[in-house]
Amino acid sequence: MKNTVRAFRRHLFAKIKWRMAKMGKQVYHLDEAEITPKWVAHMAETHGKPCSCPLCGHHRRYQGPRPSEKRHLVEDPVATVAD
């Protein structure tokens, strides 16, 4: 059973690498020469995020919560007056 689990994980990783190679052409507009096996493996391991800069990574780390989240963080003024 252990060998089949390992084989399945390898199959999934190969599938992700194929998807990232395809994504390099469509999303990142890279040429065939720019899509190296090292680049494909890096993108597959990082789930398609090339780095953690504000453009690629988690936006809330740099910009804070969204306006809708800010509204939910503010206490209800009617509830504080009634107490």
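Being a predicted model, the structure only gives us computed values, none of them experimental. The analysis underlying the following values was restricted to heavy atoms, covering all of them including side chains, and did not include hydrogens, waters or symmetry mates. If you read the sequence from its start, that first residue is 1, and numbering goes on from there.
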His42 side, atom NE2; Thr36 side, atom OG1 - distance, nearest 0.5 Å: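 His42 atom NE2 to Thr36 atom OG1 measures 10.5 Å (nearest 0.5 Å).
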Which residues pass the side-chain contact (heavy atoms from CB on, under 4.5 Å) test with Glu34, sequence neighbours left out?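 Here the qualifying residues are Leu30, Asp31.
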Sole residue of Lys15, Lys22, Lys17 in side chain to side chain contact (heavy atoms under 4.5 Å, CB included) with Arg19: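 That would be Lys15; it is the only one of Lys15, Lys22, Lys17 passing the side chain to side chain contact (heavy atoms under 4.5 Å, CB included) with Arg19.
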Common cluster, Val27/Met20, ILVMFWY with side-chain heavy-atom separation under 4.5 Å: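 Both belong to a single hydrophobic cluster.
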Heavy-atom pair of closest approach, residues Trp39 and Gly24: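 Answer, listing the atom of Trp39 first, then Gly24: CH2-CA, 3.6 Å.
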For the residue pair Ala21 and Ile35, what are the closest heavy atoms and their distance?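 Closest heavy-atom pair between Ala21 and Ile35: O-CD1, 3.8 Å.
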Using side chain to side chain donor-acceptor pair (under 3.5 Å) as the criterion, list what pairs up with Glu32, not counting sequence neighbours.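 Side chain to side chain donor-acceptor pair (under 3.5 Å) list for Glu32, sorted by chain: Lys25.
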